[in-house]
Amino acid sequence: MFPFTYTKAADTRAAVAAGQRGGRFIAGGTTLVDLMRETVERPDTVVDISGLPLGEITTTRSGGVRIGALVRMSDAAADRRVRNTFPVISQALELSASAQLRNMATIGGNIMQRTRCTYFRDVSAACNKRAPGSGCAALEGFNRSHAILGGSSQCVATHPSDVAVAFAALEASVHLLGPDGERGVPFTEFLLRPGNTPEREHALRPGELITAVEIPAHPRPLRSGYLKVRDRQSYEFALTSAAVALHLGGGVVRAAKVAAGGVGTVPWKLTAVEQRLLGERPSDRLWTAAAAVAADDAEPLAHNEFKVELLKRTVERQLRVVGGTR
Amino acid sequence: MNGERRTVTVDNRTSLLDLVREHFGLTGTKKGCDAGACGACTVLVDGHRVNGCLTLAVRLDGAEVITIEGLSRDELHPLQQAFIDQDAFQCGFCTPGQIMSGVGCIRERHTGSASEIREWMSGNICRCGCYVKIVKAVQQAAKGR
């Protein structure tokens, strides 16, 4: 680990100012400390934001839920409002990492976590995300776990978060505080596809601090859930995953919110699947037909062709789990 | 630290794991992967189980840390006894982390079934493969709670 200066932010304004000077925020630290030890991350200054008052979960006036950036994954998952309103969020969180890591890691840090691409984590490998212009070892390398959606000739690394998939499905927004005040960014615009600048992973401006993630109100009753498919049953990143939320009324699907994980360079909103579901009568045939378009834009690599079919089956199964067998 | 107030000056790169092992001489907590993947370094911070290897020691000003050495004073903690009763280890390297994690698991009340325990103990890897008996040990200690 390279030497760094450690400071504690006394308040959010001080944090933003320290961020503007190039300080890296640390909350749970589960990604940052790990990557600093691997020398992938080499911050000059680490700014501890864990003392800031961003640890609240509140119900918004419109009936949505606002989760403070510093709420621990374990606390967010266990929160009664989150569990009752959006089970997909609790499930995504509890299928993430381990109990120990969930006790440490925060919601803001979770969506900011870096990719688990082995070439990104190995400082001796070519990686455009870590060292822009150095190439991408994954394109011709062992790319079984990599993205089939949203990749570029520069980078095919997946975003590893589970809860981010639920946030994308539910059309959450990210609340930010910066030098120019507060602003909100739609979740699906917060995380960036690699394109020609894979080192740019999010919409944060210099100094900006995530203060909360807000999930808007959805029509009720809303059924939702998260399915994660992986190489081992627990404590593993997704090969594929699906976050599904459905509102059924009058015998048809009135609202459908669907996103996939493990397959995209960012959490992948499945708009085509949602469109296919709207206004249709729930049936096994519908779930199959809607899931069939889940991987239409997929561009598999040498070792992850299997994800195309696996993604469709993952979405189909979770549509059936949430929507019911008929 | 295990009920005692400790003040130290350390390099700010020092992990909680290295703090307890190298500075306090408490070598019960083990370094397996040093990357948050194995759980051998599990300790309790303010009552919650965490990975010592991913915790910077400088962030623990005022925190209460419990390691395997501080789990119990005179007699064995019920979960330590349960690991012996159930023969829940072979080489023993992961055991302190398993026990600290098990204490957290029991406190969090995730011991409703064997499968629930397996899921909520999945952050602790045992390369000897004592999982079946580890689950039994956690069940035994949870019963006496």
Side-chain angles (χ1 to χ4, degrees), chain A residues 1-9 24-51 72-75 77-78 91 94-105 109 113 116 118 121-122 228 230 232-237, chain B residues 10-18 31-63 97-98 100-111 115-126 131 138:
Chain A
M1 198 183 291
F2 283 75
F4 60 90
T5 303
Y6 170 83
T7 63
K8 262 185 182 168
R24 282 297 303 272
F25 298 139
I26 188 168
T30 55
T31 289
L32 187 60
V33 172
D34 182 31
L35 290 177
M36 284 167 67
R37 191 170 288 137
E38 298 292 335
T39 70
V40 172
E41 295 266 15
R42 303 173 187 187
D44 292 325
T45 304
V46 170
V47 182
D48 191 338
I49 58 168
S50 58
R72 308 269 168 208
M73 289 171 72
S74 50
D75 292 330
Q91 291 172 19
E94 290 188 344
L95 291 169
S96 303
S98 67
Q100 290 95 317
L101 290 165
R102 295 192 296 268
N103 280 342
M104 304 171 72
Q113 69 181 298
R116 309 304 294 196
T118 46
R121 292 175 57 84
D122 175 0
K228 184 173 182 179
R230 40 190 166 172
R232 59 180 181 189
Q233 193 177 350
S234 182
Y235 198 14
E236 183 58 275
F237 293 94
Chain B
V10 293
D11 186 309
N12 61 15
R13 290 171 288 186
T14 309
S15 67
L16 171 56
L17 171 59
D18 286 340
K31 183 181 283 191
C33 67
D34 212 21
C38 77
C41 64
T42 303
V43 296
L44 302 180
V45 172
D46 294 330
H48 300 290
R49 50 177 164 161
V50 301
N51 297 105
C53 71
L54 294 182
T55 304
L56 292 177
V58 288
R59 306 187 67 200
L60 295 171
D61 189 15
Q98 297 279 1
M100 297 311 288
S101 189
V103 168
C105 185
I106 293 166
R107 279 190 192 172
E108 294 160 16
R109 298 179 183 274
H110 287 298
T111 56
S115 64
E116 186 180 10
I117 293 171
R118 274 198 294 275
E119 172 60 32
W120 286 82
M121 288 293 289
S122 71
N124 294 78
I125 309 295
C126 171
Y131 296 110
V138 174

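In what follows, chains carry the letters A, B, and so on, assigned in the order in which the sequence lines appear, proteins first and then strands, with residues in each chain numbered from 1.
- Among residues two or more places apart in sequence or in another chain, the side-chain contact (heavy atoms from CB on, under 4.5 Å) test is passed with A:Thr30 by A:Leu101, A:Met104, A:Ala105, B:Leu54.
- Residue B:Asn124 holds its CG atom at 8.0 Å from OH of A:Tyr235, rounded to the nearest 0.5 Å.
- For chain A, the nearby parts of B:Asp34 are the backbone and the side chain; heavy atoms of each come within less than 4.5 Å.
- The CZ atom of A:Arg102 sits 8.0 Å away from the CD atom of B:Glu108 when rounded to the nearest 0.5 Å.
- For the atom pair CZ of B:Arg49 and OG of A:Ser98, the computed distance is 8.0 Å after rounding to the nearest 0.5 Å.
- Using a 4.5 Å cut-off between heavy atoms, A:Phe4 touches chain B through backbone and side chain atoms alike.
- Both the backbone and the side chain of B:Cys53 come within less than 4.5 Å of a heavy atom in chain A.
- Only the side chain of B:Asp61 comes within less than 4.5 Å of a heavy atom of chain A; its backbone N, CA, C and O stay farther away.
- Between B:Arg13 and A:Met1 the shortest heavy-atom distance is NH1-O, 3.0 Å.
- Ranked by heavy-atom pairs under 4.5 Å with chain B, the first of A:Arg37, A:Met36, A:Lys8 is A:Arg37.
- Side chain of B:Asn12 to main chain of A:Thr5: no donor-acceptor pair is present (N/O by atom type, distance under 3.5 Å, no hydrogens or angles).
- Between A:Gln100 and B:Asn51, the shortest heavy-atom distance links the atoms CB-OD1, 3.4 Å.
- The salt bridge (charged side-chain N to carboxylate O under 4.0 Å, His left out) test applied to A:Glu236 returns A:Arg232, not counting sequence neighbours.
- To the nearest 0.5 Å, atom CG of residue A:Asn103 and atom CG of residue B:Asp46 are 11.5 Å apart.
- With sequence neighbours excluded, the residues satisfying salt bridge (charged side-chain N to carboxylate O under 4.0 Å, His left out) with A:Arg116 are A:Asp34.
- Heavy-atom proximity under 4.5 angstrom to chain B picks out A:Asp48, A:Ser50 from residues 44-51 of chain A.
- Note that the CD1 atom of A:Ile26 and the CZ atom of B:Arg59 stand 4.5 Å from one another [nearest 0.5 Å].
- Distance check, rounded to the nearest 0.5 Å: CD of A:Gln233 to CZ of B:Arg118 gives 7.5 Å.
- Comparing B:Glu119, B:Met121, B:His48 by heavy-atom pairs within less than 4.5 Å of chain A, the highest count is held by B:Glu119.
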